[in-house]
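Accompanying notes for the structure given below.
Computed from a predicted model, the values in this text were never measured in an experiment. Note that these values count all heavy atoms, side chains included, but never hydrogens, waters or copies made by symmetry. Residue numbers begin at 1 in each chain, while the letters A, B, ... track the order of the sequences.
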Amino acid sequence: MSLRTHTCGELRKNNVGETIALCGWVGSRRDHGGLVFIDLRDRYGVTQVVFNPKVHPQAYEVSKDLRPEFVISIKGQVSERPSGTTNSKLPTGEIEVSAEVLEILNPSQTPPFEIQDEVEVSEDIRLKYRYLDLRRPFMQRNLLNRYRISKIARDYLDKQNFLEVETPMLTKSTPEGARDYLVPSRIFPGKFFALPQSPQLFKQLLMVSGYDRYYQLTRCFRDEDLRADRQPEHTQIDIEMSFIDEEDVFKLIEGLLSEVFKGVLNLELKMPLPRLTYEEATSRFGSDKPDLRYDFKLVDLTNWAKTVEFKIFRETAEKGGKVKAINAKKGASFSLKDIEDLTEFVKSLGAKGLAWMKYEESGEWKSPIVKFFLTTNLAELKNQMKAEPEDLILFVADKKEVVHSTLGPLRLKVVEKLGIKPKTDFALLWVVDFPLLEYSEEEKKFVAVHHPFTSPKKEDIALLDKEPLKARAKAYDLVINGTEAGGGSIRIHSQDLQKRMFNLLGINDQDAQVKFGFLLEAFKHGAPPHGGIALGLDRLTMLLLGLKSIRDTIAFPKTQSSSCLMTESPSEVSERQLKELHLNKGRE
RNA sequence: GGGGGUGUAGCUCAACCGGCUAGAGCGCUGCCCUGUCACGGCAGAGGUUGCGGGUUCGAGCCCCGUCACUCCCGCCA
């Protein structure tokens, strides 16, 4: 017979009188000398159990030994709580179980921290005892909602005729992109597998095979440095389709997101999602993943700057750079120290400095540089910036890229500092028309912005020969609250175009053959037009639940230095293992 | 690779200008308590101030180094 008849979250008034059995962990224990109460907890909830010496003396005797986190089973009758003793905070708060039989299934040491959401615990302690951390309602809720998202995604894609296909975890290293995690081959001395950064090539091959609607919830590995929203292994909802164009992807994903937001948060998203081109996003918000929960934008003052005396502005504008500014509404309250901090902030991001002007109640501008501007300049500035009393204008003058990459983050910094409330809980959008290529100063060559299999826009193919940097790609990102939640592209399916791309990227025929020969060969055998997208499941979960870190959506995440504090990995291996793999220990 | 923050009792934190016999809350242990649910009362245990070195009459506090965690830049097709 099963040890329990119910879970700790389900008993209600209508169960009163039933004899039931519960199992779970002891939460708080309240010993009144005569009467003992405990909160019995499992992942479904909490139920109060009462031990009464007058009614069931044996169970009462055993209950004296109970301590937090003991695993127990109890048998007893569900009873209505005496009036005035119900607990409205608990779904089970109208009833309690009067224990007739108590069995301690397993005692527990005192836990290193209390299993409650209210108790703050530093992250390294949580990670070391992750199995205890995962007992907390906070983490149980996160993992439950993560599961709901995957379930909704699978159900939705299944209904849309998609087929989940698994692809290899041991695969070929490709030097493009992120650093690979390598797995040495025992059979082939000196050769290595790589863990996949994504199933990119395999899903394209599945298109060639005729699996025209593929998806997979799969792990991806990238050996790069971590962030709050980046882990060395993360899970993608990976999708690829044949005979489609960008619009089909947007429609499919908008349908998926509608169901996810509805299913998890009971929220109706307005569809279709807004779109910004890469150009619009970067010039208005200084980011290719703009956070549209806040509306103030970068204002382009380059033309105005050409008319002013102030040398830094005028010369930057005349030499082809940009002068842009943001209006930090009501930012006049910032002290000089605050502004100095903001200046340091943009400098750390690569700006040469930060100019500022306060527009005062009196209608006067206050700023160390105000003397370099004519009254007409200032009037025009007020007009362009829509400045009102108590506003603070923050300027950066530099190359376009620097202006965007400094004012973009500054915009968010100012939002945070001013405590501006978001207009909405969720701002989703597509960023489209990414550039196909960018120039890598480090490698002194063109590199693909997305990946080398991304198709250029049809109308931009002609640009590939003359002005390749101007060519736009059929690539798109899904952005939620300023975080990239997914991205994809329509792929190249023609061998010729693919060859031209490789040439542009400085990958010669021989290199291409060695690295991607199997894909090029496959494309000779009837490759349909295709494209797809991958959504980050961990990030999606984080964003939906409003969490600060992706780690709170992963059962067993890594620390910032990619270690696991619980298993203490990575760890040393034996000489024998190394020998079998034909490896020598690296030197420190 | 670089910049910032943190590290003191099991947990979360405090300790003013370098004077401390290093405190508090929670937790823990024991005793008391029949309607609690952040139960209550009394008593108690618990510290290599991350680690190593230095300065000083004296270091949790200052200096140098190092380790761990964390946020960010670079990196992440």
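Judged as a side-chain contact (heavy atoms from CB on, under 4.5 Å), and not counting sequence neighbours, the contacts of A:D229 are A:R227, A:T483, A:R539, A:M542. Under the side-chain contact (heavy atoms from CB on, under 4.5 Å) criterion, A:S571 pairs with no residue, sequence neighbours left out. For the salt bridge (Lys or Arg N to Asp or Glu O under 4.0 Å) test, no residue two or more places apart in sequence or in another chain qualifies with A:D288. Under the rule for a salt bridge (Lys or Arg N to Asp or Glu O under 4.0 Å), the partners of A:D341 that lie at least two apart in sequence or sit in another chain are A:K337. Partners of A:V449 under the side-chain contact (heavy atoms from CB on, under 4.5 Å) rule, at least two apart in sequence or in another chain, are A:F434, A:P435, A:E438.
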Using atom names, set out every protein N or O paired with an N or O of nucleotides 10-14 of chain B below 3.5 Å, distance rounded to 0.1 Å.
unit_1	atom_1	unit_2	atom_2	d
B:G10	O2'	A:P112	O	2.7
B:C11	O4'	A:P112	O	3.4
B:C11	O2'	A:E120	O	3.4
B:U12	OP1	A:S122	N	2.6
B:U12	OP1	A:S122	OG	2.8

Can you pull every protein N or O that's under 3.5 Å from an N or O on nucleotides 28-32 of chain B?
unit_1	atom_1	unit_2	atom_2	d
B:U29	OP1	A:R67	NE	2.9
B:G30	OP2	A:R67	NH2	3.3

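Residue pairs satisfying the ring pair (Phe, Tyr, Trp, His ring centres under 6.0 Å) criterion with at least one member in residues 214-240 of chain A, sequence neighbours excluded, are absent.
Proximity of residues 430-437 of chain A to RNA chain B (heavy atom under 4.0 angstrom from any strand atom) is not detected for any residue. Residues from residues 220-240 of chain A with heavy atoms under 4.0 angstrom of RNA chain B, sorted by number: A:R222, A:E224, A:D225, A:R227, A:A228, A:R230.
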If you look only at distance, which donor and acceptor atoms sit under 3.5 Å apart when one is on a side chain in residues 505-522 of chain A and the other is two or more places apart or in another chain?
unit_1	atom_1	unit_2	atom_2	d
A:N508	OD1	A:Q510	N	3.1
A:N508	OD1	A:D511	N	2.7
A:E521	OE1	A:K524	NZ	3.4

Side-chain donor/acceptor pairs under 3.5 Å, residues 58-65 of chain A, sequence neighbours excluded:
unit_1	atom_1	unit_2	atom_2	d
A:Y60	OH	A:G33	O	2.4
A:Y60	OH	A:G34	O	3.4
A:S63	OG	A:Y60	O	2.6

